[in-house]
*Asks:* 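The structure follows.
Positions are given from 1, in the same order as the sequence printed here.
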Amino acid sequence: MPSRTGPPSVAGRWSRLPEREANATRRTTARAEALIERHGVLTRGAVMAEQVTGGFPAVYPVLRAFEENGRARRGYFVETLGAAQFGTPGSVDRLRSFAAPDRLPGGAVVLAATDPANVYGAALPWPERTVAADDAAVDIGEGTGTRKTGHRGGRKAGALVVLVDGDLVLYVERGGKTLLSWTEDEQTLKEAATALSGAVSAGALGRMVVQKADGASVHESTPLSAALQAAGFSATPRGLRLRG
């Protein structure tokens with residue numbers, strides 16, 4: 001029991017957790033239900049990103065049973081991700097509504113990098129990144145003729161992604177000091193910067209001081225720096241600052 005000098009946060013009622021389900025089939029079924037509800041459309045990459053014991057082969061028989069009893073649909077919903085895709089009926093219908101010709105763009109959204117709604121690093125690989133250098137596009141990554149930035153996108157706790165119409169535009173390292181960008185289009189950067197600024201202003205992120213962008217000082221990244229300042233970030237000697 002907590003002592004009298006202990007913090008108030010440790011006081012309260014305590015109860016024993018239920019015993020672990022002994023039946024392996026029931027455990028796998030429950031895990032598959034949670035995964036398909038969380039992701040909407042479940043792919044092999046999404047299962048691997050969840051670090052499920054046994055990987056996709058472990059949950060595939062359960063998903064196939066879901067399909068047979070009408071609890072899930074299997075199809076080629078997302079290009080390049082193979083035919084072993086399972087979605088709930090509601091998710092599949094929602095996808096079809098997005099495919100309508102008169103569907104408006106989704107706009108910009110800020111997500112945790114680990115959020116199931118962020119498909120990058122799970123169902124989809126992180127996109128390749130390029131910057132203009134010496135009037136030529138130079139890939140940022142590994143290999144001959146490339147320039148390394150010392151960091152890359154990843155599904156890390158505390159990191160954020162900013163998507164515009166579903167495309168990855170910004171990756172914010174934990175703490176907000178470092179950004180990665182995937183475009184130099186001014187309008188797209190403006191939408192992403194505005195969404196990021198809105199998240200900070202709403203108090204979701206606290207104060208941000210962006211010091212580096214794409215491996216260099218943020219002040220050297222002209223399009224991104226301009227977009228951030230237009231969204232409310234203030235220039236300081238240390239970088240671009242925005243208070244929550």
*Asks:* Filter on side-chain hydrogen bond (donor to acceptor under 3.5 Å, both in side chains), then keep only pairs touching residues 193-211, sequence neighbours left out; what's left?
*Replies:*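 Sorted result for residues 193-211: empty, none.
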
*Asks:* Looking at P89 and G70, what are the two nearest heavy atoms and their distance?
*Replies:* CG-O, 4.2 Å

*Asks:* Hey, does the side chain of R71 reach the backbone of E33 with a donor-acceptor pair shorter than 3.5 angstrom?
*Replies:* no

*Asks:* Does W126 reach the side chain of V161, with side-chain heavy atoms less than 4.5 Å apart?
*Replies:* yes

*Asks:* Restricting to non-hydrogen atoms, name the atom on D214 and the atom on S221 that form the minimum distance, rounded to 0.1 Å.
*Replies:* OD2-OG, 4.5 Å

*Asks:* Quick check: does any side chain N or O of Y171 sit under 3.5 Å from a backbone N or O of G154, one acting as donor and the other as acceptor?
*Replies:*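 Looks like yes, one N/O pair under 3.5 Å.
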
*Asks:* Can you tell me how far the CG atom of L160 sits from the CZ atom of R174, to the nearest 0.5 Å?
*Replies:* 11.0 Å

*Asks:* Does the side chain of V172 reach to within under 4.5 Å of the side chain of M208, using non-hydrogen atoms?
*Replies:* yes

*Asks:* Indicate the atoms forming the closest heavy-atom contact of R241 with V209, along with that distance.
*Replies:*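 That would be CG-CG2, 3.8 Å.
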
*Asks:* Once you round to the nearest 0.5 Å, how far does OG1 of T43 lie from CG of L124?
*Replies:* 8.0 Å

*Asks:* How close do A49 and R155 get, counting heavy atoms only, and between which atoms?
*Replies:* CB-NE, 4.4 Å

*Asks:* Under the side-chain hydrogen bond (donor to acceptor under 3.5 Å, both in side chains) rule, what pairs show up with a residue in residues 17-28, not counting sequence neighbours?
*Replies:* R16-E19

*Asks:* Would you indicate whether the side-chain heavy atoms of L179 and V218 approach each other to under 4.5 Å?
*Replies:* no

*Asks:* Give the minimum heavy-atom separation between L224 and S181, together with the two atoms involved.
*Replies:* CD2-CB, 4.3 Å

*Asks:* Report yes if the side chains of V109 and V162 come closer than 4.5 Å at any heavy-atom pair, otherwise no.
*Replies:* no

*Asks:* When you compare the side chain of V59 with that of I36, does any pair of heavy atoms fall below 4.5 Å?
*Replies:* no

*Asks:* Can you tell me which residue pairs pass the salt bridge (Lys or Arg N to Asp or Glu O under 4.0 Å) test with a partner in residues 49-66, sequence neighbours excluded?
*Replies:* R38-E50

*Asks:* Where do L63 and L42 land on the side-chain contact (heavy atoms from CB on, under 4.5 Å) test, with the steps shown first?
*Replies:* CA-CA 9 Å; L63 295 172; L42 192 61; 3.9 Å; yes

*Asks:* Could you check whether any side-chain heavy atom of R73 comes within less than 4.5 Å of a side-chain heavy atom of D93, counting everything from C-beta outward?
*Replies:* yes

*Asks:* Is there a donor-acceptor pair under 3.5 Å between the side chain of H219 and the backbone N or O of R238?
*Replies:* no

*Asks:* So L95 and V41, do their side chains get closer than 4.5 Å, heavy atoms only?
*Replies:* yes

*Asks:* Name all residues meeting the salt bridge (Lys or Arg N to Asp or Glu O under 4.0 Å) criterion together with E67; count only those two or more places apart in sequence or in a different chain, and write none if there are none.
*Replies:* R74

*Asks:* Start with the C-alpha gap between L180 and L170, add the side-chain angles, then the distance that decides, and say whether side-chain contact (heavy atoms from CB on, under 4.5 Å) holds.
*Replies:* CA-CA 6 Å; L180 299 177; L170 297 178; over 6 Å; no

*Asks:* Could you give the distance from OH (Y120) to CG (L111), rounded to the nearest 0.5 Å?
*Replies:*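 That separation rounds to 11.0 Å.
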
*Asks:* Would S225 and Q229 count as a side-chain hydrogen bond (donor to acceptor under 3.5 Å, both in side chains) if you check the C-alpha gap in whole Å, the side-chain angles of each, and the deciding distance to 0.1 Å?
*Replies:* CA-CA 6 Å; S225 177; Q229 292 185 63; 3.1 Å; yes

*Asks:* Could you check whether any side-chain N or O of R44 sits under 3.5 Å from a backbone N or O of A123, counting only pairs where one atom can act as donor and the other as acceptor?
*Replies:*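 Side chain of R44 to backbone of A123, a donor-acceptor pair under 3.5 Å: no, none is there.
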
*Asks:* Could you list the residues that satisfy salt bridge (Lys or Arg N to Asp or Glu O under 4.0 Å) with D167, not counting sequence neighbours?
*Replies:* none

*Asks:* Are V119 and L81 connected, step by step, through hydrophobic side chains (Ile, Leu, Val, Met, Phe, Trp, Tyr) whose heavy atoms are closer than 4.5 Å?
*Replies:* yes

*Asks:* When clusters are formed by joining ILVMFWY residues with side-chain heavy atoms under 4.5 Å apart, either directly or through shared neighbours, do L35 and V78 land in the same one?
*Replies:* no

*Asks:* Filter on ring-ring contact (aromatic ring centres under 6.0 Å, His included), then keep only pairs touching residues 27-57, sequence neighbours left out; what's left?
*Replies:*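 Those involving residues 27-57 are F56-Y60.
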
*Asks:* Decide yes or no for L242 and V210: does some side-chain heavy atom of the first lie under 4.5 Å from some side-chain heavy atom of the second?
*Replies:* no

*Asks:* Side-chain heavy atoms under 4.5 angstrom apart, residues restricted to Ile, Leu, Val, Met, Phe, Trp, Tyr: same cluster for V52 and V62?
*Replies:*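 Yes, because V52 and V62 connect within a single hydrophobic cluster, where side-chain heavy atoms sit under 4.5 Å apart.
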
*Asks:* Kindly give the heavy-atom pair with the smallest separation between G82 and Q85, and that separation in Å.
*Replies:* O-NE2, 2.5 Å

